[in-house]
Amino acid sequence: MNAPPSPQATELTIDDVLTNLVDLPSLPAVVMELLNSIDQEDVDISVLAKKVSYDQALTAKTLRLANSSLYGLQVKVTTIQQAITYLGFQTTRNLITAAAVTGCFAEGQCAGFDHKAFWRHSIATAACAKVLARQMRFNQDYAFTAGLLHDIGRLVLVSCFPQQYERVIGYRAAHDCFPLEAERAVLGIDHVAAGVALAEHWNFSDTMKLAIAHHHDPDTPGAGFLSAIIHIADAVVHALDLAQMADGLVPPVSSVAWQALGLDEEIYLQLFRETELQYDEIAMVLLS
Amino acid sequence: MTANYQHLALALVQPGMTLSDELLDVQGHVLLPQGTVLTEAMITLMPRHGIAALPIVIEAVASQEELAAGIEYHEQRLARLFRRQDPDDDADWATALLRSFVTDYRLGMPQEPVE
């Protein structure tokens, strides 16, 4: 669909992204429903549990997560309904989402793009955002999911325009700049715009869309508090070097977001440690 | 809080080492409290809980060379990760603060001034 790649710069527009979105693998319908229900208090859990269990692969991965010893369940859960009973709906929904999304995008189409490192960073950001949210008395479920998906637009670009994205990777290495800058320079659009497009396409809630849209500029009026949480979590995870990327680079931290959270050093030191511990546990299951 | 702490792979953990932090499962239940001196039996049970690494107190006497190597690694790594942060840019104080907190976390609270 996109224009033949020219050797110089490719100016992609958001329309090119939108045209290509339909070719992306879609999430299982029930996962979409789970994501959409994140705002709702009155979800019929038994109906959702039943729908998830129709997807055998997803069920198997979710149950493997639930039965992994990190949850310390005394019994082995064998159905989604059981998992909800023992772990709670929120946790189970997080597990289902994580299991579905981490397996959704094909690997290896774009030379030089490290899918494993991408997910290491996303999982770590999810873990960190969840701890931050608990600290701020904010919805931990929103924070976990937004953390996991904040950079999802990058996977959209990599999947839809693999050759062009190889040039982004080359540009970034040559200029040692932020990936965001390289995307804008080479493609003319960035992973934020692509992420927002996917969020629309997947019918994410407004809260989630805002967080994806503004995780690099949480100062924007109306960006929302979740953007600030994801912004700080993103920077913390880069600083903790959890994705272990050789060319890792900590993005500039918004002083507005930092002030909005208003945490002191002692809390940050706790946050660092807890993030590392939780990341180890979650990554072991999702990336094994 | 223990400032000197190290995330140690299970294979390297030995009986007699001390947990620097309480060991939690994902739901926040305490498996072992902070300060637990690990026994062989406890370490043997860790794989069953899916735990591959433990937060261990760094013994002050434990191999100074390794400690120094670790500090050097973290110093270099932090300098690289924060290579775009300009220490003279006062407007960028939030990034500077994050850098100083992570540095304290990695290197422990100020010990000897290092170049």
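Below, read A as the first sequence line, B as the second, and so on, with proteins coming before strands; counting in each chain starts at 1. The shown structure was predicted, so the numbers you read here are calculated from the model rather than taken from an experiment.
- Only the side chain of R77(B) comes within less than 4.5 Å of a heavy atom in chain A; its backbone stays farther off.
- In this structure, the portions of V236(A) lying under 4.5 Å from any heavy atom of chain B include both its backbone and its side chain.
- Proximity to chain B (any heavy atom under 4.5 Å) is shown, for F272(A), by both the backbone and the side chain.
- Using a 4.5 Å cut-off between heavy atoms, A52(B) touches chain A through backbone and side chain atoms alike.
- Neither the backbone nor the side chain of I232(A) comes within contact range of chain B, judged by heavy atoms closer than 4.5 Å.
- Scanning both residues, D21(B) and L277(A), for their nearest heavy atoms gives OD2-CD1, 3.8 Å.
- When each of H74(B), Q85(B), H7(B) is scored by its heavy-atom pairs under 4.5 Å with chain A, the top score falls to H7(B).
- Of all heavy-atom pairs between R84(B) and D176(A), the closest is NH1-O, 3.5 Å.
- For chain A, no part of L23(B) is nearby; none of its heavy atoms comes within less than 4.5 Å.
- A heavy-atom distance below 4.5 Å is not found between the side chains of Y105(B) and Y268(A).
- There is no contact between A127(A) and chain B, counting heavy-atom distances below 4.5 Å.
- For the options R106(B), R99(B), R83(B), heavy-atom pairs under 4.5 Å to chain A are most numerous at R83(B).
- For D264(A) against F101(B), the heavy-atom pair with the smallest separation is C-CE1, 4.5 Å.
- When all heavy atoms of R80(B) and D247(A) are compared, the closest pair comes out as NH2-CA, 3.7 Å.
- Taking each heavy atom of E265(A) and D104(B) in turn, the nearest pair found is OE2-OD2, 2.6 Å.
- In this structure, L81(B) and A239(A) approach most closely via the heavy-atom pair CD1-O, 3.7 Å.
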